[in-house]
Amino acid sequence: MAFRFRPVDASFYDLFSESAQHLVRGAELLAEMLSDTSDRPTVAAAMRDAEHAADETTHAIVRRVNSTFVTPFDREDIYDLASGLDDVMDEMDEAVDLILLYEVGTLPAELSAQVEVLQRCAELTAEAMPRLQAMQSLDEYWIEINRLENTGDKSHRRILASLFSGKYEALEVLKLKDITEALEGAIDAFETVANIVEQIAVKES
Amino acid sequence: MAFRFRPVDASFYDLFSESAQHLVRGAELLAEMLSDTSDRPTVAAAMRDAEHAADETTHAIVRRVNSTFVTPFDREDIYDLASGLDDVMDEMDEAVDLILLYEVGTLPAELSAQVEVLQRCAELTAEAMPRLQAMQSLDEYWIEINRLENTGDKSHRRILASLFSGKYEALEVLKLKDITEALEGAIDAFETVANIVEQIAVKES
Amino acid sequence: MAFRFRPVDASFYDLFSESAQHLVRGAELLAEMLSDTSDRPTVAAAMRDAEHAADETTHAIVRRVNSTFVTPFDREDIYDLASGLDDVMDEMDEAVDLILLYEVGTLPAELSAQVEVLQRCAELTAEAMPRLQAMQSLDEYWIEINRLENTGDKSHRRILASLFSGKYEALEVLKLKDITEALEGAIDAFETVANIVEQIAVKES
């Protein structure tokens, strides 16, 4: 192999972009899941496939770190970023799975605000991953994800207040609380990803 | 000390085997706890002792890493494996503790399927630990634990569907859901252990 | 800068002391929150400020590690200790936030025992942080935090038994269980901090 057309290091960034694309897909499926008119079992099956694909990408990143002598940035940070992105997918998958399992009918309207936050976070993350190469504008990414997480936090509190308002029966509260907490967990997981990206940017600056 | 009869490195493997034996014991006690005919306070006391013994082994591993200059495999992986095994024990101890505390009567039949999965995972882990020395057949261990975790996941979903079927009162659902989640947590913790073992095998290959 | 009046390393210890002072403040606010006569929204707002200040201190520690070539003790342990202290604050903030959000009236008396444990843990931690410099009496700190965590654990179990005694309606149980679990989480988080301090002391001895 006299020369390579594609620098080895570029493929870490390609794999991170791939991870982020799974999150865009996952957030899209989550939005479909919220709709009353969707065929929920079908959407849930598509989500399972997306989650498996995301797992594959995470494993590809880990295998690459284990077999690369000089990594583009700190080895531990590559693991943390890969596993942070994977955690977001797991939380979104959990939310979809519970909506199916718990046979909830129409979900409280405020839950779609949370899913829109997740779609926006996924989009921003997909835009940020290629910028890891030049360490460009990652502060803006981190600031915006933090702002979105704050709005998600306020939404979450409003949803909880509504669940306990007396409008819902105890078992319904239990189910909707689990789903709400999975959505909140996914938003928090995006904030963890943004913090890792920020850490990488700081160390490489 | 002119020569040692037992290589220093062997004792890491002995300690990991010891950890895994605690998990076999813990899963056994968990099975007894499920039975209506057991003296639950006595079984729970035995579980507390097993959990303390498991803690001792975990501390022994950590002390050994801190005082060993050349470790048989990556230092961070030794910490992660020790603490991963400890996490399984904590989850099983939590399940036993809740069964006692919540004064549940007859537990849903499907919960014993989960405990059988835990017993099988503990057995496989006890068999795998000595194989860390020669890095032998660890792929098979990882594949089988993953398969068992998948069946546990399906069981978990069936149990949740049953809890919310209307068969149980709200407070009973809350209690059984906590116990079920501790069992699911223990199975997931075994999967985390298997992933760490796989990582070690990959790095050492 | 020809010479420094204050050794660079001393500021890690100052920052850790600062973190611990936030925990003393947080536990104090949590105690106020439990009282029926407090203006809960005002106390909760003060807690949010304390949590933000704690975040600032955590970030200051992380920035210092990233820009210091020779750290007073293991770099990973500095991160772990900073983030461990931050976790305690987050749990206490969560408890305060839920007490406000869930509009609970008079809280079960046993909850104030938990908050007293947290105040004692915060006090001990504030006393221990300066001792990191000379690695003095850290065993005693760790032993006492572990003892306090054990009493907290027993209290937690008594609170849960009381919640499920039939005295409370299902939705009230759900709310009080969440608050109780945040308090338990904060006590466990102090134990994690003590374990990290013990690890540091062992490595440096």
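As the structure is a computational prediction, the values presented were derived from the model and not from experiment. All chains are named by letter (A, B, ...) in the order of the sequence lines, taking the proteins before the strands, and each is independently numbered beginning at 1.
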Enquirer: When only heavy atoms count and the cut-off is under 4.5 Å, which of residues 170-182 of chain B reach chain C?
Expert: Ala170(B), Leu171(B), Leu174(B), Lys175(B), Asp178(B)
Enquirer: What parts of residues 138-162 of chain C touch chain B if we use heavy atoms and a cut-off under 4.5 Å?
Expert: Arg157(C), Leu160(C), Ala161(C)
Enquirer: Please output the residues of residues 94-125 of chain C in contact with chain B, using a heavy-atom cutoff of under 4.5 Å, in numerical order.
Expert: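 Against chain B, none of the residues of residues 94-125 of chain C fall inside the cut-off of heavy atoms under 4.5 Å.
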Enquirer: Any ring-ring contact (aromatic ring centres under 6.0 Å, His included) pairs touching residues 23-69 of chain B, not counting sequence neighbours?
Expert: none
Enquirer: More than 12 non-hydrogen atoms from neighbouring residues, nucleotides or ligands closer than 6.0 Å to CD on Glu56(B), yes or no?
Expert: no
